[in-house]
Amino acid sequence: MQTKYTMLLIPAVVLWCGLLHRRLKLAVVVVAVAILGFGVWEWYLLEQYGRSHFLHHLGARQSVREPGEGALPALLREKAGLVGPLTGHFGCLGVGVGLVALGAAGVPRRFLAQLAVMWLLGLLLVVALPYQWTVLRPAVPPHLPDLTAVMIFWQVFGILAFAGLGACSVLLGCRFPAKLSIRRNTASWFLIGWFLVEVAGYFVLTPFGAARRLIGLTVVGGLLAARASDQVQRLAPLRCAPDWVIGFGVVTGLMVTALDTLDAYPEKVCAQRAAEACEPIQQPGATVWYTGHWGFQYYCEQAGMKPLVPGQSVLAAGDLLVWPLYPDPIGFYRPYRDSLPSVLPEGVVELLAEVVWDDPLSGQTIPNFYCGHDPVVGRDHPRLRVGVYRMKSQWAVPSP
């Protein structure tokens, strides 16, 4: 719960399990121990650093209101905006789960094979086609200006996956159709309840769309689909997903992982090459500073660079600065410099070198897989560009 707030849903799942199995007192004890451990650690942070990590982030997130809009409408509008990322990311992460669920729901195997081929073909097109092809906009009403070919692709498969899981929930929880009457039991109701908790928790705990928000949802969705498939197969052996679907799910996971690894690799290489570029031009006593996040931050620290801290860092004349040149997007890619200035002050720095990583593939997962609407999109820029600057005069980094 401390490292991934979506795990705050697990106590609710434990209580649901205890209620179904008539072990509510024991479940309450388990939840109390978890909350106690969580609370003690937050109290320690409060005593040590003067603030609670959880309360800090809880209070920092506020809904952006339109002029004249109340707090509740702003919150509802913000949460409604999470529906698209939910179905979009699930169309990528849950495609294997969705095919198993659709098979249990009675979708013909031929149609499942067609869906699998369409998904693979769609992913390959997103990865390989130039950016201009992936952002083609179909003829849609004016109030849907951001609809693109890539978005439609992910949304369709996400909706199909959720439809399959919804059908599985009905099969396990209801006694119809009459020809396929599955006996209801606590195991099935536990999975249905857990799935609903994950869906509700996504909207309560999620400030923005990201693949990691669907970890629990994908896990319980797989269990729910497998449970329904097992129960249906006992009554109708031919009404379930074929064996190749499991292998297909594994392959899709490996493909997305390979693309994500490719997209992350430039952060390591560019940080190392930037450090190498600094060595011959670094003056005696000068400091090499850097800014950036995620993998780039890690490898810059490994190279001995000093982080740029807003409101604290003061760069002296002659110091070097390694600055990732994230593109300011046209729709998909946004800079994640947080509180740092969007551009360096004019007249204070001079560009000495530039490190660029690019490759023929268009598809990317960073940053949209981690804070975006669609899991995989195209790009119209290098994967990463890094500038090496020398300070011409002293610069105090402004506070956010």
Side-chain angles (χ1 to χ4, degrees), residues 6-21 27 83 85-109 111-112 115-116 119 154 156-177 180-206 211-250 252-253:
T6 48
M7 292 299 102
L8 286 165
L9 301 174
I10 297 302
V13 176
V14 171
L15 289 175
W16 173 240
C17 182
L19 181 64
L20 285 175
H21 292 84
V83 175
L86 172 64
T87 52
H89 283 282
F90 201 64
C92 177
L93 300 172
V95 60
V97 171
L99 290 181
V100 174
L102 289 172
V107 174
R109 295 187 174 188
F111 186 63
L112 295 180
L115 287 177
W119 190 94
W154 293 123
V156 166
F157 277 93
I159 291 171
L160 286 174
F162 274 114
L165 290 174
C168 289
S169 300
V170 172
L171 286 173
L172 293 174
C174 303
R175 288 188 176 275
F176 67 92
L180 195 64
S181 181
I182 297 175
R183 182 180 179 182
R184 291 174 291 181
N185 53 47
T186 54
S188 296
W189 277 110
F190 169 69
L191 291 176
I192 294 172
W194 185 4
F195 180 74
L196 294 176
V197 167
E198 290 288 345
V199 172
Y202 167 85
F203 290 99
V204 173
L205 298 176
T206 299
R212 62 184 179 276
R213 313 289 185 189
L214 275 66
I215 294 176
L217 186 62
T218 305
V219 170
V220 65
L223 295 174
L224 182 62
R227 176 74 177 178
S229 182
D230 175 70
Q231 295 295 304
V232 168
Q233 191 175 20
R234 295 171 185 269
L235 302 175
L238 297 179
R239 182 175 167 173
C240 63
D243 293 341
W244 60 261
V245 169
I246 303 300
F248 171 79
V250 174
T252 61

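In this text, all values refer to a predicted model and were calculated from it rather than measured experimentally. In what follows, every heavy atom counts, from backbone to side chain, and hydrogens, waters and symmetry copies are set aside.
Among all heavy-atom pairs drawn from A167 and A105, the shortest one is CB-CB, 3.6 Å. In terms of heavy atoms, A116 sits closest to L99 at CB-CD1, 4.1 Å. Closest heavy-atom contact between G88 and W154: O-CB, 3.6 Å. The two residues G193 and W16 make their nearest non-hydrogen contact at CA-NE1, 3.4 Å. Across all their heavy atoms, A104 and C168 have their closest contact at CB-SG, 4.0 Å. The two residues V197 and A12 have their closest heavy-atom pair at CG1-CB, 4.2 Å.
Atom CG of L19 and atom OG1 of T186 lie 11.0 Å apart (nearest 0.5 Å).
A search for side chain to side chain donor-acceptor pair (under 3.5 Å) contacts involving W119 returns nothing, not counting sequence neighbours. Remark: N185 pairs with A187, S188, R227 by the side-chain contact (heavy atoms from CB on, under 4.5 Å) rule, at least two apart or across chains.
Residues L102 and L115 have side chains in contact (heavy-atom distance under 4.5 Å, counting atoms from C-beta outward). Annotation: side chain of F90 is in contact with side chain of T218 (closest heavy-atom distance under 4.5 Å). Using a 4.5 Å cut-off on side-chain heavy atoms (C-beta onward), F248 and T252 make contact.
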*List the steps, then state whether side chain to side chain contact (heavy atoms under 4.5 Å, CB included) holds for L86 with L217.*
CA-CA 10 Å; L86 172 64; L217 186 62; 3.7 Å; yes

*Stepwise, does the side chain to side chain contact (heavy atoms under 4.5 Å, CB included) test hold for V100 with I246?*
CA-CA 8 Å; V100 174; I246 303 300; 4.2 Å; yes

_With side chain to side chain contact (heavy atoms under 4.5 Å, CB included) as the criterion, how do L172 and W189 come out once you've worked through the C-alpha distance, each side chain's angles and the decisive distance to 0.1 Å?_
CA-CA 8 Å; L172 293 174; W189 277 110; over 6 Å; no

*Dump the intermediate steps for side chain to side chain contact (heavy atoms under 4.5 Å, CB included) on L205 and L9, then the final yes or no.*
CA-CA 9 Å; L205 298 176; L9 301 174; 3.9 Å; yes

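Remark: the backbone N or O of G216 is not paired with any side-chain donor or acceptor of W194 at under 3.5 angstrom. A distance-only check finds no donor-acceptor pair linking the side chain of R109 to the backbone of G103 [under 3.5 Å]. Side chain of T206 to backbone of Y202: a donor-acceptor contact under 3.5 angstrom is found.
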